[in-house]
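Here's the structure, in structure tokens; my notes come after.
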Amino acid sequence: MSRPTQAIIDLEALRHNFVLAQSLAPPTLAKQPKTIAMVKANAYGHGAIEVATALAPIAPAFGVASIEEALDLRANGIAQPILLLEGTFTSDEVTIAAQNDFWLMVENQPQVDAVINATLARKVTIWLGMDTGMHRLGFQPNDIQSAYDTLHKSHNVNDEIVITSHFACADDLDSEATLAQIKQFDLHMPTAKKTLTSLANSAAILAWPQAHRDWQRPGYMLYGNSPFDAPQENADQLKPVMSFESAVISLRTIKAGESVGYTANWTAERDSTIATVTVGYGDGYPRQAPNGTPVLINGIRCPLVGRVSMDMITVDVTDLATVAIGDKTVLWGPELPVNEVATVCGTIGYELLTRMPARVPRIYR
Ligand SMILES: *Cc1c(COP(=O)(O)O)cnc(C)c1O
């Protein structure tokens with residue numbers, strides 16, 4: 001019927017992972033922590049509208065990188081507040097944000113000015129970013145109090161401002177950097193009555209309970225993959241959401257000494273059976289995948305051989321007892337972690353997932 005290359009998305013697994021993130025920072029008498037689901041970059045490649053729709057009954061808010069991403073969710077029925085993680089890029093966005101109940105990250109002075117100088121029909125909720133050591137976004141800790149005061153005084157701003165920061169190394173469980181960032185954060189918390197706080201990304205939700213505050217911000221873990229490169233007891237409970245699948249479309253045997261694919265970068269050392277699978281870098285399968293990258297054919301690990309083409313890859317299936325045209329192939333999924341494929345390709349699972357193009361149909365189960 002059609003090209004068998006597709007990404008099967010397990011929405012039950014997604015909800016399981018969200019509930020896990022919530023349960024790791026449980027409510028107490030003093031605190032009712034909440035979980036904002038990160039659905040930027042098309043929900044890490046999983047389909048932002050479908051993911052947000054599936055989480056809408058349990059997620060109180062969503063996070064995206066741009067107002068276009070937020071408007072797309074609104075246009076498709078998502079009613080929750082949506083946080084713009086980089087705030088506004090131009091001042092006209094403040095008006096659109098207020099109209100649409102988008103929350104704004106504010107992390108530099110022009111963004112503060114844009115908020116306080118806007119003419120708004122209703123107030124906006126502000127997340128005020130503090131740079132505690134990542135040095136990418138946020139006010140310097142010593143400038144937080146004055147940024148806070150300016151915003152708090154403004155008629156455009158809701159009373160409850162969320163003070164926030166982001167970790168550079170939370171996925172490194174041996175690093176001192178995360179504790180140092182938390183210390184900076186707590187030391188420079190503005191004196192104010194009504195602030196809330198937010199620190200934890202996936203890695204910190206899973207492994208740094210000191211970072212659990214009023215709002216947790218899980219991204220990668222929602223999609224069921226671990227931010228760590230070693231087993232970790234909480235991360236081990238995650239369920240991968242995507243299974244990236246294709247199928248064998250051609251088979252041949254080649255003789256020892258013959259090569260496969262563009263640039264002939266792999267040469268058979270024995271007579272070999274080569275399966276051609278219809279998935280390539282045009283589908284987001286990484287072109288840098290080296291010879292030997294694992295591919296599952298009929299559930300069995302086989303080595304990629306030869307260069308990844310735009311629409312196809314070639315796999316050495318000599319050791320399979322049976323193989324036929326049409327056999328199911330898995331590039332990554334519950335049985336083959338995307339992290340493992342990413343590691344042999346010199347990247348991270350985040351990148352492989354987020355750069356999957358629209359050409360790959362997402363099938364929701
Ligand atoms: C993307 C993002 C997150 C989520 O990070 P993960 O590592 O995917 O959990 C959290 N906070 C901010 C500010 C982000 O931009």
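Count residues from 1 along the sequence.
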Just how far is it from atom [atom1] of [X] to atom [atom2] of [Y], taken to the nearest 0.5 Å?
X	Y	atom1	atom2	answer
His46	Met242	NE2	CE	4.0 Å
Met105	Trp127	CE	CH2	7.0 Å
Ile161	Tyr148	CD1	OH	5.0 Å
Ile163	Gln145	CD1	CD	8.5 Å
Arg365	Ser243	CZ	OG	9.0 Å
Asp236	Lys239	CG	NZ	13.5 Å

If you count heavy atoms of other groups shown closer than 6.0 angstrom to [atom1] of [X], is the number above 12?
X	atom1	result
Met134	CE	yes
Lys183	NZ	no
Asp229	CG	no

side-chain contact (heavy atoms from CB on, under 4.5 Å) with Asn76: which residues, sequence neighbours excluded?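 Asn76 satisfies side-chain contact (heavy atoms from CB on, under 4.5 Å) with Ile49, Asp72 only.
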Any residue meeting side-chain contact (heavy atoms from CB on, under 4.5 Å) with Phe18, in chain and number order, not counting sequence neighbours: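 Phe18: side-chain contact (heavy atoms from CB on, under 4.5 Å) contacts with Gln22, Thr35, Ala37, Leu55, Ile58, Ala59, Pro60, Leu222.
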No-hydrogen, no-angle side-chain donor-acceptor test under 3.5 Å, [X] and [Y]:
X	Y	result
Gln181	Thr132	yes
Asp131	His135	yes
Ser309	Arg307	no
Arg213	Ser198	no
Thr267	Ser259	yes

Can you tell me which residue pairs pass the salt bridge (Lys or Arg N to Asp or Glu O under 4.0 Å) test with a partner in residues 310-328, sequence neighbours excluded?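 Sorted result for residues 310-328: Glu245-Lys328, Arg270-Asp316, Arg270-Asp319, Asp311-Arg359.
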Strictly by salt bridge (Lys or Arg N to Asp or Glu O under 4.0 Å), give each pair with a member in residues 136-155 just once, sequence neighbours left out.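 Pairs touching residues 136-155 that pass the test: none.
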Assigning hydrophobic clusters by single linkage (Ile, Leu, Val, Met, Phe, Trp, Tyr; side-chain heavy-atom cutoff under 4.5 Å), is [X] placed with [Y]?
X	Y	value
Ile126	Leu137	no
Val360	Leu296	yes
Leu304	Ile274	no
Leu196	Leu83	yes
Trp215	Val19	yes

Is a side-chain donor or acceptor of Thr88 paired with a backbone partner of Ser91 at a separation under 3.5 angstrom?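 Answer holds: no.
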For [X] versus [Y], what's the shortest heavy-atom pair and its separation?
X	Y	result
Asn156	Ala118	ND2-O, 2.8 Å
Ala21	Ile205	O-CG2, 3.9 Å
Pro294	Val341	O-CG2, 4.5 Å
Ala48	Ala43	CA-CB, 3.7 Å
Ala147	Leu128	CB-CD1, 4.2 Å
Gln216	Ala211	OE1-O, 4.1 Å

Between Gln288 and Val308, does a side-chain contact (heavy atoms from CB on, under 4.5 Å) hold up when you go through it step by step? CA-CA 8 Å; Gln288 69 267 38; Val308 173; over 6 Å; no
With Tyr220 via ring-ring contact (aromatic ring centres under 6.0 Å, His included) - residues at least two apart: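 Scan of Tyr220 (ring-ring contact (aromatic ring centres under 6.0 Å, His included), adjacent residues dropped) gives Tyr350.
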Can you name the ring-ring contact (aromatic ring centres under 6.0 Å, His included) partners of His166, sequence neighbours left out?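 So His166 forms no ring-ring contact (aromatic ring centres under 6.0 Å, His included) with any residue.
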Please report, to 0.1 Å, the donor-acceptor pairs under 3.5 Å made by any side chain of residues 169-176, with sequence neighbours excluded.
unit_1, atom_1, unit_2, atom_2, d
Asp172, OD1, Asp174, N, 3.0
Asp172, OD1, Ser175, N, 3.4
Ser175, OG, Ala177, N, 3.0

Would you indicate whether the side-chain heavy atoms of [Y] and [X] approach each other to under 4.5 Å?
X	Y	answer
Leu120	Gln99	no
Phe139	Gln109	yes
Leu336	Leu331	no
Thr278	Pro4	yes
Arg362	Ile9	yes
Asp101	Arg122	yes
Leu352	Tyr44	no
Gln80	Ile82	no

Results of side-chain hydrogen bond (donor to acceptor under 3.5 Å, both in side chains) for Thr343 - residues two or more places apart only: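 Per chain and number, Thr343 pairs via side-chain hydrogen bond (donor to acceptor under 3.5 Å, both in side chains) with no residue.
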By salt bridge (Lys or Arg N to Asp or Glu O under 4.0 Å), which residues pair with Arg301, not counting sequence neighbours?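 Partners of Arg301 by the salt bridge (Lys or Arg N to Asp or Glu O under 4.0 Å) criterion, ordered by chain and then number, come out as Glu340.
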If the condition is salt bridge (Lys or Arg N to Asp or Glu O under 4.0 Å), which residues does Glu86 pass it with, not counting sequence neighbours?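 Listed in chain order: nothing, the list is empty.
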side-chain hydrogen bond (donor to acceptor under 3.5 Å, both in side chains) evaluation trace for Thr276 with Arg252: CA-CA 9 Å; Thr276 302; Arg252 70 211 55 249; 4.5 Å; no
Quick one: ring-ring contact (aromatic ring centres under 6.0 Å, His included) pairs with a partner in residues 300-348, sequence neighbours left out?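 Every pair satisfying ring-ring contact (aromatic ring centres under 6.0 Å, His included) with a residue in residues 300-348: Phe244-Trp332.
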I need the full list of ring-ring contact (aromatic ring centres under 6.0 Å, His included) pairs touching residues 246-272, with sequence neighbours left out, sorted by first then second residue.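 Counting only pairs at least two positions apart or across chains, no ring-ring contact (aromatic ring centres under 6.0 Å, His included) contact touches residues 246-272.
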Verify side-chain hydrogen bond (donor to acceptor under 3.5 Å, both in side chains) between Thr273 and Thr253, making sure each step is shown before the conclusion. CA-CA 4 Å; Thr273 309; Thr253 53; over 6 Å; no
Let's go through Ser246 and Thr5 carefully: what are the C-alpha distance in whole Å and the side-chain angles of both, what is the deciding distance for side-chain hydrogen bond (donor to acceptor under 3.5 Å, both in side chains) to 0.1 Å, and is it a yes or a no? CA-CA 4 Å; Ser246 185; Thr5 307; 3.1 Å; yes
Presence of salt bridge, Glu258 and Lys255, under 4.0 angstrom: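 So Lys255 does not pair with Glu258 through a salt bridge.
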Ionic contact status for Asp283 with Arg355, cut-off 4.0 Å: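 So Arg355 does not pair with Asp283 through a salt bridge.
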